[in-house]
Number of protein chains: 2
Amino acid sequence: MDIVIDIEDEEPLFSQLVTQVKAAVQGGKVRAGDALPSIRQLANDLELNSKTVAKAYRLLERDSVIQTRGYRGTFVHPDAKANSQVNLQGWLTKTLAETVATLRESGLTDSEIRIAFNQAMNARSHGAAKS
Amino acid sequence: MDIVIDIEDEEPLFSQLVTQVKAAVQGGKVRAGDALPSIRQLANDLELNSKTVAKAYRLLERDSVIQTRGYRGTFVHPDAKANSQVNLQGWLTKTLAETVATLRESGLTDSEIRIAFNQAMNARSHGAAKS
DNA sequence: ATATGTACCATGCGTAGTGATGGTACAACG
DNA sequence: CGTTGTACCATCACTACGCATGGTACATAT
């Protein structure tokens, strides 16, 4: 895995990392079960903050591209190749684009939509804390 | 129509105006066809900026609570009473709450959702500009 | 002339979110 | 002990947006 981070790039650093790991998986450069460098190790190599790398790893694990085995390190997920192609982001974009379009068509102002969106985001009400 | 604006109130000034006009309509204090004070007039009376009043009027007209007859002034819409009860805002809130809930359930981060939302808002692509 | 709604230009202030940085600490493995 | 992932604390710069303000100008009606 040759990961190259470009600070000049407008794409956020953690995002570049995510993208490149997924690319490495899809390109067959790393395979299921392969060990990945530790967070601190990679942070050191790339001259990044460990929190930045951790953020990338967190996202990669959420997408089931990698697997963190606690104290044993991080490995490529068994279904990494398939999962790295899942376009969660694409679905996100599409969903929101449609919703926004619908709202706009009703005559609602962008301001109003933004405010309501922020309210929806700040309103705790998902499956988090419950008895 | 006795409109009272409270600068201390956390509710935005233009919003207070909108609310109170709708209340006046629903309370029967003003009726269809009644003339409303001009933007500048009202701005002067309430010691508000004319742009602030104009903003309120713009929203009220969008909701078909009032009607601007160009140079002749502003009047209460024929269906003002009914239209002032339409809860566009409520629908907005509900729609976005549902959408956000769905997205969150998929594991998406609030950050990701916010970013995608902003992209959706900044992406011009509805039925607006066309040749 | 005066007043109407509206459009454009602009500013300031406050808030909030993102990205990235840093330090410290923990439990559990080798 | 050293390392693992992770969680908590914190800071800073940058950007974007909302609200409200101000000025100027326009075509059109009375």
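Owing to the predicted nature of the structure, the values given are computational and were not obtained by experimental measurement. Each chain gets a letter, A, B and so on, in the order the sequences are listed, and its residues count up from 1.
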Requested in this report: Output yes when at least one side-chain N/O atom of A/Asn122 is less than 4.0 Å from OP1 or OP2 of C/dG17, else no.
Outcome: yes
Query - Proximal nucleotide (of C/dG30, D/dC17, C/dT4) relative to the A/Arg72 side chain - result: C/dG30
Query raised in the report: Which atom names give the shortest non-hydrogen contact between A/Leu92 and B/Leu103, and what distance separates them?
Result: CD2-CD1, 3.7 Å
Report task. Can you tell me the distance, in whole Å, between the OH atom of A/Tyr57 and the P atom of D/dA7? Result -> 16 Å
Requested in this report: Please figure out whether B/Arg69 or A/Tyr71 has its closest DNA chain C nucleotide nearer the 5' end.
Outcome: B/Arg69
Query - Qualifying residue, where the test is side chain to side chain donor-acceptor pair (under 3.5 Å) with A/Asp63 and the options are A/His77, A/Gln89, A/Lys22 - result: A/Lys22
Report task. Whole angstrom is fine here: how far is it from CZ in A/Phe117 over to P in C/dG17? Result -> 10 Å
Query raised in the report: Is B/Thr52 near enough to D/dA20 that one of its side-chain N or O atoms lies under 4.0 angstrom from OP1 or OP2?
Result: no
Requested in this report: Looking at every strand, decide which applies to B/Arg40 at a 4.0 Å heavy-atom threshold: base, sugar-phosphate, or nothing.
Outcome: base
Report task. Identify the two heavy atoms, one from B/Leu42 and one from B/Pro37, that lie closest to each other, and give their separation to 0.1 Å. Result -> CD1-CG, 4.0 Å
**Report entry** Phosphate OP1/OP2 of D/dT6: any A/Thr68 side-chain N/O under 4.0 Å
**Finding:** yes
Report summary line: Side-chain contact check for A/Ile115: nearest option of D/dC19, C/dA20, D/dA7 is D/dC19
Report task. Give one of base, sugar-phosphate or nothing for B/Glu112, where a contact means two heavy atoms less than 4.0 Å apart. Result -> nothing
Requested in this report: Please figure out whether A/Asp110 or A/Leu36 has its closest DNA chain D nucleotide nearer the 5' end.
Outcome: A/Leu36
**Report entry** Between C1' of D/dG22 and CD of B/Glu47, the distance in whole Å
**Finding:** 16 Å
Query raised in the report: Hey, does B/Lys55 reach any base, or is it just sugar-phosphate, or nothing, if we go heavy atoms under 4.0 Å?
Result: sugar-phosphate
Report summary line: In whole angstroms, the gap separating P of D/dG18 from CD1 of A/Ile113 amounts to 11 Å
Query raised in the report: So does A/Ser111 get a side-chain nitrogen or oxygen closer than 4.0 Å to the phosphate oxygens (OP1/OP2) of D/dC17?
Result: no
Query raised in the report: Is there a side-chain polar atom (N or O) of A/Ser38 under 4.0 Å from OP1 or OP2 of D/dT4?
Result: yes
Report task. Report the distance from atom CZ of B/Arg58 to atom P of C/dA7, rounded to the nearest whole Å. Result -> 7 Å
Report summary line: Between CG of A/Leu46 and P of C/dT21 the distance, given in whole Å, is 11 Å
Query raised in the report: Contact class for B/Glu61 vs. all strands (heavy atom < 4.0 Å): base, sugar-phosphate, or nothing?
Result: sugar-phosphate
Query raised in the report: Could you give the CD1-to-C1' distance, from A/Ile39 to C/dC26, as a whole number of Å?
Result: 15 Å
Query raised in the report: Within less than 4.0 Å of OP1 or OP2 of D/dG5, is there a side-chain N or O belonging to A/Thr74?
Result: yes
Query - D/dG22 OP1/OP2 closer than 4.0 Å to side-chain N/O of B/Asn49 - result: yes
Report summary line: A/Asn118 CG to D/dA16 P, in whole Å, measures 16 Å
Query raised in the report: Is a salt bridge present between A/Arg104 and A/Glu112, judged by a nitrogen-to-oxygen distance below 4.0 Å?
Result: no
Report task. Can you figure out which of C/dC8, C/dG5, C/dA20 approaches the side chain of A/Phe14 most closely? Result -> C/dA20
Requested in this report: To the nearest 0.5 Å, tell me how far B/Leu13 CG sits from B/Leu46 CG.
Outcome: 9.5 Å
**Report entry** Donor-acceptor pair present, B/Lys51 side chain and D/dG23 base, under 3.5 Å
**Finding:** yes
Requested in this report: Could you please spell out the steps behind the side-chain contact (heavy atoms from CB on, under 4.5 Å) verdict for B/Lys29 and B/Asp2?
Outcome: CA-CA 9 Å; B/Lys29 297 203 169 187; B/Asp2 356 281; 3.3 Å; yes
